[in-house]
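First up is the structure itself, then whatever we jot down about it.
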Amino acid sequence: MPPSDQSSGAGSGNFNVAKINDVVLPDVVRKLQQVKDILSQNGPENNVSNSGNNGSSHASQDEHQKMGNEAEKLRKDLIYIRESFKNLKGFEDRASDLFNALKERSSFNDLLTSGLNASSRDKQLRAKLGAINKIVMELKLRIPLPYKLSSKESDAHRFPRDGTEFDDLEVVDELPLLHADNEFGNSLAFQDFRLVYDKLPDSTTKLCLLCFALIPENEIVKKRFMTYWWVGEDFVSPRVGTADDGTFKEWSVEEVADEIFEELAKKDCIEPVNEKHRFVVDSYKMNPFIRSAVIVLAKEAGLFDFEDEKWNPSANFKTSYRACLVNGFSQELAKIGPGPDAKETDHPGLDLEKLRTIFNVNEPYPDFFKLEWFSKLKNVKVLYLGRWQTSAKHHIEVESVEFLKGLKNMKLLRFFSLQGISRITKLPDSVCKLLNLRILDLRACHTLEELPDGIGSLKNLTHLDISECYLLEYIPKKIKFLSKLRVLKGFVIGDRRNEKACTLTDLSGLKELRKLSIYTNTKGFPSEDEANHLQKFKNLEKLTIEWGAFPSNTGSEKKQDKGVAQSIAEATKSPKKSEDKKKQGESVAQPISATTTSPKNCGNNQKQDKGAAQPLTATITTPKNRGGNKNQDQGVGEPMAGSTMNPENSGDNKNKDKRAAGLVKTLSRTLAFKKPGQGPTDPEGFKKLKKLDLKCYPSMESPSWLLPAKLRMLEKLYIRGGNLQNLSQGQKNNEWKVNILRLRFLSNLKMDWKELQSSFPDLIYLEKYKCPKLTFFPCNENGIGLKPRTEAGKEAAKRYNILH
């Protein structure tokens, strides 16, 4: 007789991993083995009282065999689950209720020992096995997918299916090619993942997941890039509705995308990359097995085309209308002609007007398109020619942007990216014809010198990223007409006036702006007047200000600058172009002579910060200021915005223009260095600002606007590099609402631990690195979670999931 259920010790209630692995699962596995043994004997009728009915009331031998097989499969699955859960943490909270149900449903004593007739017994046994099967399947779905191939001891993956046996573990060493195996679709692991996929909440989430099929295994991708792509494909858009508290709410595309990322991470379809010092995950990667499954599903859905035995993304867009640029194969796309001429091409039947997406997977030279060919792309929504990889080692360059004149015909284009492409000095005016454009990504185009003046015609633009474009002297004034702009990164404020330049006064009319990052080489920025205009952005939630280096460089700093300039010049060269192209590259690269300014080398800190942005302040020699302006070009250390001459400054007008420029420059600097107390001040402050990031702040005294009273909604304060000495301006009893404080490379900042606790009562996380005058602080560069001392702090700790 089987032992009593109570003898197992697996009482009801909460479970921890040890109890699950050592008590619950072995107990259920033992019971399922007993069920199988009894069913496999000479017939279940030998183990129950004979009811006299030996006919159709008895289950057939085939039925017994099926139930026995099901019990054996459940036993193997539970062994598999036990092995998978050995190294998991926090699992109890997610699956405790399921193990309670599993224990309750696995009581077979009454069925196996009672006097029930065989028909009744088998009916109840089938119901119990069905209930256990549902519980086991749910448990398997809750296993993080990277663990699904972890146990060689378990034979759960070796269960026959349709007469074939496919061992998931045999292909572990070749996971990148797993999807190319014809038997992969028959594996239990793939079928389990298909169930996960089928249970995703909606088609939008599924399409967003399938986009990862183009990302190589274990490659880290930024959440920003994926969000922009989804917006371009029209998978993701803003929405409005009612929040949990019953109030009206508008969700931005970033917030909508965040929900999708969270859902995919919760189902273990993607893995968050937890970088140091970050509380909001901004990067993800995908396990090789899952990527193989996603590739198979993406091909089934017709979202992308794949070719050859390795299933590489294809330029052939016959099924998906999406073409991929892959190094070595990209130029196949340029051979595809328009419909009428298709018979003369290598790819008959493909119509360029049906193409919707061009995505650069890893093509380093994406400028092989001809203008005539490019002009045929009338229905493209996503044109991603730039670099999506997080590492700058993926070099991309073009020799000409002539083909981009064909952009004028792309009336449906929503997302256009040239991120990280070298040798682009100016965008063609055709960019200004993209009236449907939502996102323009020019990030890290290091040789870009100017934007087209007509950029204000992009009425639907919501995101403009020109960060790390350090040769830009100004942003065109007409940007003020981009009324829908929500994110502006890389706005430039120079130390001299230009009638074409957009000022903060102009920019303050952008009522939808939520995120703004500013780069300036003006030491006195922001003046009182400029600070006042910053406070007029009533919906601004995130503000970053980065100060570049200034003309007062020491000799040692100049030597460092020279070394950095040389490395930048080398970086702009092609890694494999011919000698002639190398010379051509040098003609662009050599003029860049720059000071690299990062939080580590601001002020007295001169070590280069690899993790920080590296703005340039430089003497620029371009085709505009050669020849007659050579003498001026030879000056070293002049800020970038003040070093490039206007082409009109030549001939008889040269001296006159120089005097006028000097007067403008003097007036500009006078305004920039207005002392606190002068000019108007906005008493309301920054109404919605939640995050403030100051990099390389040049002054010792805290700015007049950096006060708790003006930043009542501030949750995150980052100050990295610079000369700041204090945060209080001598004012007492000023308490910040800040929850997260990061202080790095601040050699002059003075404050003790007690003073900081008094000023920041709601603080839940603190990071201090290379700040020698911050004394008795209980943390290092890795930061520390602090025990909340207020109710606001407790709420913030829950929101950011910070443990002390």
Side-chain angles (χ1 to χ4, degrees), residues 207 211 214 228-237 302-305 313-326 329-361 363 366-386 388 398 400-419 421 424 427-442 452 454-464 482 484:
L207 288 170
C211 286
L214 298 187
Y228 288 178
W229 184 7
W230 296 343
V231 171
E233 295 279 5
D234 211 6
F235 296 161
V236 169
S237 58
L303 190 65
F304 304 111
D305 289 288
S314 174
N316 187 326
F317 55 89
K318 185 175 182 179
T319 301
S320 65
Y321 305 125
R322 293 175 176 86
C324 297
L325 305 184
V326 180
F329 303 94
S330 301
Q331 297 196 22
E332 290 297 313
L333 182 60
K335 296 178 182 179
I336 299 174
D341 302 324
K343 294 181 180 179
E344 302 176 8
T345 71
D346 296 334
H347 301 276
L350 294 181
D351 187 353
L352 291 177
E353 291 193 10
K354 293 182 179 180
L355 192 57
R356 293 186 298 205
T357 296
I358 297 179
F359 178 75
N360 188 353
V361 177
E363 173 57 59
D367 58 345
F368 50 80
F369 302 110
K370 302 297 183 183
L371 175 58
E372 181 182 2
W373 184 95
F374 210 65
S375 299
K376 300 292 184 181
L377 308 179
K378 297 180 180 180
N379 293 298
V380 169
K381 288 185 175 182
V382 175
L383 183 58
Y384 201 100
L385 301 180
W388 57 266
V398 296
S400 170
V401 294
E402 178 70 18
F403 71 98
L404 290 180
K405 292 181 179 179
L407 288 171
K408 64 182 180 181
N409 295 325
M410 298 185 189
K411 305 300 183 184
L412 300 181
L413 191 63
R414 294 169 58 89
F415 176 29
F416 179 38
S417 175
L418 297 173
Q419 178 175 327
I421 299 182
I424 298 177
L427 294 180
D429 291 336
S430 56
V431 172
C432 304
K433 304 293 184 182
L434 303 174
L435 302 184
N436 198 46
L437 195 66
R438 265 60 172 181
I439 301 171
L440 179 57
D441 178 16
L442 304 174
I455 195 171
S457 63
L458 304 178
K459 301 296 185 182
N460 286 304
L461 199 68
T462 59
H463 295 68
L464 175 59
L482 302 179
K484 295 183 180 180

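This one's a predicted model, so the numbers in the text were calculated from it and none came from an experiment.
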request  = Output the distance between atom CG (Asp441) and atom OH (Tyr228), rounded to the nearest 0.5 Å.
outcome  = 6.5 Å
key: Rounded distance [0.5 Å steps], CD in Glu233 versus NZ in Lys381   = 8.0 Å
ask   = Which residues pass the salt bridge (Lys or Arg N to Asp or Glu O under 4.0 Å) test with Glu363, sequence neighbours left out?
value = none
For Phe317, ring pair (Phe, Tyr, Trp, His ring centres under 6.0 Å) partners two or more places apart = none
Close side-chain approach of Leu404 to Val431, heavy-atom, < 4.5 Å = no
Straight-line distance of Asn360 CG to Leu214 CG, nearest 0.5 Å = 11.0 Å
message = Checking the side chain of Thr319 only, and the main-chain atoms of Gly302 only, is there a donor and an acceptor separated by less than 3.5 Å?
response = no
Gap between atom CD of Glu402 and atom CG of Asp367 - 0.5 Å precision = 11.5 Å
inquiry  = For Arg438, give me all partners under salt bridge (Lys or Arg N to Asp or Glu O under 4.0 Å), at least two apart in sequence or on another chain.
reply    = none
message = Could you check whether any side-chain heavy atom of Leu434 comes within less than 4.5 Å of a side-chain heavy atom of Leu440, counting everything from C-beta outward?
response = no
request  = Answer whether the closest heavy-atom distance between the side chains of Leu325 and Phe368 falls below 4.5 Å.
outcome  = yes
ask   = With a 4.5 Å limit on heavy-atom distance, are the side chains of Leu427 and Leu418 in contact?
value = yes
message = List the residues meeting salt bridge (Lys or Arg N to Asp or Glu O under 4.0 Å) with Asp234, not counting sequence neighbours, and say none if there are none.
response = Arg414
message = Test of understanding: with side chain to side chain donor-acceptor pair (under 3.5 Å), list the residues that count as partners of Lys378, not counting sequence neighbours.
response = none
ask   = Can you name the closest pair of heavy atoms from Leu377 and Met410 and give their distance?
value = O-CG, 3.1 Å
query = Say you draw a straight line from OG of Ser417 to CG of Leu385; how long is it, rounded to the nearest 0.5 Å?
reply = 7.5 Å
remark   = When every non-hydrogen atom of Asp429 is compared with those of Pro452, the smallest separation belongs to OD1-CB, 3.7 Å
ask   = Distance-only, no hydrogens or angles: does the Asn409 side chain make a donor-acceptor pair with backbone N or O of Ser375 under 3.5 Å?
value = yes
message = Would you say Asp305 and Ser314 are linked by a side-chain donor-acceptor pair, where the criterion is simply a distance under 3.5 Å?
response = no
query = Can you check whether Asn379 reaches Tyr321 side chain to side chain, under 4.5 Å on heavy atoms?
reply = no
ask   = If every non-hydrogen atom of Leu482 is compared with every non-hydrogen atom of Leu458, which pair is closest and at what distance?
value = CD2-O, 3.1 Å
task = From the options Tyr384, Phe415, Trp388, Phe359, select the one residue that forms a ring-ring contact (aromatic ring centres under 6.0 Å, His included) with Trp229.
result = Phe359
key: Any donor-acceptor pair under 3.5 Å from Asn460 side chain to Leu435 backbone   = yes
ask   = Heavy atoms, side chains only, cut-off 4.5 Å: are Cys211 and Trp230 in contact?
value = yes
remark   = Between the CG atom in Leu442 and the CG atom in Leu464, the distance rounded to the nearest 0.5 Å is 6.5 Å
message = Ring-plane angle category for Phe374 and Phe403, please: parallel below 30°, perpendicular beyond 60°, tilted otherwise.
response = perpendicular
ask   = Just by distance, do the side chain of Ser457 and the backbone of Cys432 share a donor-acceptor pair under 3.5 Å?
value = yes
key: Heavy-atom check, side chain of Leu303 versus side chain of Arg322, under 4.5 Å   = yes
query = Going through the checks in order, is the side chain to side chain donor-acceptor pair (under 3.5 Å) test met by Lys411 and Asn436?
reply = CA-CA 6 Å; Lys411 305 300 183 184; Asn436 198 46; over 6 Å; no
Taking every non-hydrogen atom, the tightest pair across Gly232 and Val382 = C-CG2, 3.4 Å
query = Nearest heavy-atom pair of Leu333 and Ala323: which atoms, and what distance?
reply = CD1-CB, 3.8 Å
message = Which residues pass the salt bridge (Lys or Arg N to Asp or Glu O under 4.0 Å) test with Glu372, not counting sequence neighbours?
response = none
query = If you look at every heavy atom in Val361 and Cys324, which pair is closest and at what distance?
reply = CG2-CB, 3.9 Å
